[in-house]
Amino acid sequence: MSMTTILLTILGIAVFAVGLLFSIAWHELGHLSTAKLFGIRVPQYMVGFGPTVWSRKKGDTEYGIKAIPAGGYIRMIGMFPPGPDGKLEARSTSPWRGMIEDARSAAFEELEPGDEKRLFYTRKPWKRVIVMFAGPFMNLVLAVVIFLGVAMTFGFQTQTTDVAGVQKCVISQSEKRETCKKSDPVSPAQAAGLKVGDKIVAFNGQKIDEWSVLSDKIRDTIGPATITVQRDGQEKTLHAVLKKNAVAKKDSDGEVIPGEYVSAGYLGFAAQTEIIPLSFGDSVVRMGDMIENGVDSIVALPSKIPDLWDAAFSDGERAADSPVGVVGAARIGGEVMTLDVPAQNQIAMMLFLLAGFNLSLFLFNMLPLLPLDGGHIAGALWEALRRNVARVFKRPDPGPFDVAKLMPLAYVVAGVFICFTLLVLVADVVNPVKIS
């Protein structure tokens, strides 16, 4: 590895780290701004974990940066309500009860005179939902703004109806070879006289301007077909006899499903790819697909563990859609800067990486599990439901829902997350996902 490559890799990692810090700070700003809006005292606003590198107190909040850029937090007073007697409960010998009391004690450890009306748990459930949702929502906003901005100004690599190459023979795509054998029949495109540089403008007399439409029509046709191309400024009609062949299977979105094949019509040419900016509508649709894929990835996380384990501790291959942690994403950022592509391509890829990271932060934090934001949101919604039901049936007000009682479960969830994070970290170090 040359010195230039090393320096570019370090630059890419540094750029990603800055983007990561900004994303975390942006997330916590959502919590901070809404908490202050509703009169909740916030003693700390910190980006990172570990030893404090820099801090400054303004008003009643200490703002700072910590040494490990792997997260952040704000500290709000009164996250959990006091015990049944209205006071902090005495220390219990039960380890589970001890966890609850520790969480409750931490929520009040910086209580000052006058804070009785500035406690988090005393705010109405809808206000607590807004405070806890504001952080992930900021990440969603950032992801959408970055994605739409890059999609509409830079664009995506898109297949066109221009011919980039002509296959000389018919080879089943499941065979994964490129060299023709003597027994292989001539490809329909070769026999029809299709040439590199041709632009297909019509298929069987129907005008075509999108690759997806042309691809579907080719797959649906076995037998004679007319292909109209633009060549040297003139239109020319070619006659081809499409053959049945094993081709890559597509999903409902038109994306290729790796390793799966179907029998369909085959012409035998490679489409030219270009980077084309999208319209606002198409960008929104792409963003929707990105969110849908993100949700599917979150749901599929447990099923990825065996492959992650094999990739980390044996000779297993790291799948392209394998979960990636902060270290893995930083390595990808470093790799982007070493690619032999124009600088604008590198910037676009880095921005897309940052957008994906922010979308993941949003989706992950919305899981209804403590200690995630979604867990606190679920607790506030449950409290609102209990109180409204009690009001309808004229029962006594059950009071605030004591989220602290769920802390033993929260520690279990946190333990699972830590183990999973460590597994991803090991895989990112020993067998990283690489840009293909």
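Looking at every heavy atom in both residues, Ile146 comes nearest to Leu351 through CG2-O, 3.2 Å. The shortest non-hydrogen separation linking Ser23 to Asn139 is O-ND2, 3.3 Å. Across all non-hydrogen atoms, the minimal contact from Ala410 to Pro371 is O-CD, 3.8 Å. Nearest heavy atom pair, residue Ile77 against residue Pro43, reads CD1-CG, 3.7 Å. In terms of heavy atoms, Leu32 sits closest to Thr61 at CD1-CG2, 4.4 Å. For the pair Val430 and Ala312, the tightest heavy-atom approach, listed with the atom from each and the gap, is CG2-O, 3.5 Å.
Note: Tyr121 OH to Arg128 CZ = 10.0 Å, rounded to the nearest 0.5 Å. In this structure, OG on Ser297 lies 9.0 Å from CG on Leu359, to the nearest 0.5 angstrom. Residue Met287 holds its CE atom at 13.0 Å from CG of Leu278, rounded to the nearest 0.5 Å. The OG1 atom of Thr158 sits 4.5 Å away from atom CD1 of Ile276, with the distance rounded to the nearest 0.5 Å. Here CE of Met132 is found 5.0 Å from CE of Met76. Values are rounded to the nearest 0.5 Å. Residue Leu425 holds its CG atom at 11.5 Å from CG of Leu308, rounded to the nearest 0.5 Å.
Arg286 forms a cation-pi arrangement with Phe156, by the criterion of a distance under 6.0 Å to the ring centre and an angle within 45° of the ring axis.
When atom types are taken as modelled, the side chain of Asn431 and the backbone of Ala427 share no donor-acceptor pair closer than 3.5 angstrom. Judged by distance alone, the side chain of Arg123 and the main-chain N or O of Gly39 form a donor-acceptor pair under 3.5 Å. Checked by atom type and distance alone, the side chain of Lys249 never pairs as donor or acceptor with a backbone atom of Val262 at under 3.5 Å. Of the possible donor and acceptor atoms, none in the side chain of Ser215 sits under 3.5 Å from a partner among the backbone N and O of Trp211. Side-chain atoms of Arg395 do not come within 3.5 Å of backbone N or O of Val389 as any donor-acceptor pair. With hydrogens and angles ignored, the 3.5 Å screen pairs a side-chain donor or acceptor of Thr161 with a backbone N or O of Ile200. Between the Thr338 side chain and the Glu335 main chain, a donor and an acceptor come within less than 3.5 Å of each other. At least one donor-acceptor pair under 3.5 Å links the side chain of Asp428 to the backbone N or O of Gly328. With hydrogens and angles ignored, the 3.5 Å screen pairs a side-chain donor or acceptor of Arg331 with a backbone N or O of Val429. When atom types are taken as modelled, the side chain of Glu383 and the backbone of Phe401 share a donor-acceptor pair closer than 3.5 angstrom.
The number of heavy-atom neighbours closer than 6.0 Å to CD of Glu175, taken from other residues, nucleotides and ligands shown, is above 12. The number of heavy atoms from other shown groups lying within 6.0 Å of CG (Asp315) does not exceed 12. In this structure, Lys199 places its NZ atom where more than 12 heavy-atom neighbours from other residues, nucleotides or ligands lie under 6.0 Å away. Residue Trp26 places its CH2 atom among 12 or fewer non-hydrogen atoms of other residues, nucleotides or ligands, all under 6.0 Å distant.
Checked against Asp60 for a salt bridge (charged side-chain N to carboxylate O under 4.0 Å, His left out), the options Lys36, Arg75, Arg41 give a single hit: Lys36.
Between Tyr63 and Tyr45, the ring planes lie tilted relative to each other; the angle falls in the 30° to 60° range. Using a 30° and 60° split on the angle between ring planes, Phe120 and His376 fall in the perpendicular class, above 60°.
Contact of the Asn345 side chain with the Leu339 side chain is not registered, since no non-hydrogen atoms from C-beta on lie closer than 4.5 Å. Within the 4.5 Å cutoff, the side chain of Val229 has no heavy atoms near those of the Val163 side chain. In this structure, Leu370 and Leu409 have side chains that are not in contact, with every pair of non-hydrogen atoms separated by 4.5 Å or more. Phe313 places a side-chain heavy atom less than 4.5 Å from the side chain of Leu423. Within the 4.5 Å cutoff, no side-chain heavy atoms of Gln206 are placed close to those of Val213. The shortest distance between side-chain heavy atoms of Asn245 and Ser172 falls below 4.5 Å. Between Leu361 and Phe357 the shortest side-chain heavy-atom distance falls below 4.5 Å. You'll find the side chain of Ile130 reaches within 4.5 Å of the side chain of Phe38, heavy atoms only.
Take Asp373 and apply the side-chain hydrogen bond (donor to acceptor under 3.5 Å, both in side chains) test, not counting sequence neighbours, and it matches His27, His31. With sequence neighbours excluded, no residue forms a ring-ring contact (aromatic ring centres under 6.0 Å, His included) with Phe203.
Checked against the 6.0 Å centroid threshold, Phe154 and Phe352 do not count as a close aromatic pair.
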Worked check of side-chain contact (heavy atoms from CB on, under 4.5 Å) between Ile40 and Arg118: CA-CA 5 Å; Ile40 302 167; Arg118 304 182 66 187; 5.8 Å; no
Met366/Phe133 under side-chain contact (heavy atoms from CB on, under 4.5 Å): CA gap, chis, key distance, verdict: CA-CA 8 Å; Met366 289 307 296; Phe133 178 70; 3.7 Å; yes
Chi angles and distances behind the side-chain contact (heavy atoms from CB on, under 4.5 Å) call for Ser55, Met46: CA-CA 8 Å; Ser55 70; Met46 290 289 171; 4.3 Å; yes
Residue pair Phe269, Asp198: steps toward the side-chain contact (heavy atoms from CB on, under 4.5 Å) verdict: CA-CA 11 Å; Phe269 78 98; Asp198 286 348; over 6 Å; no
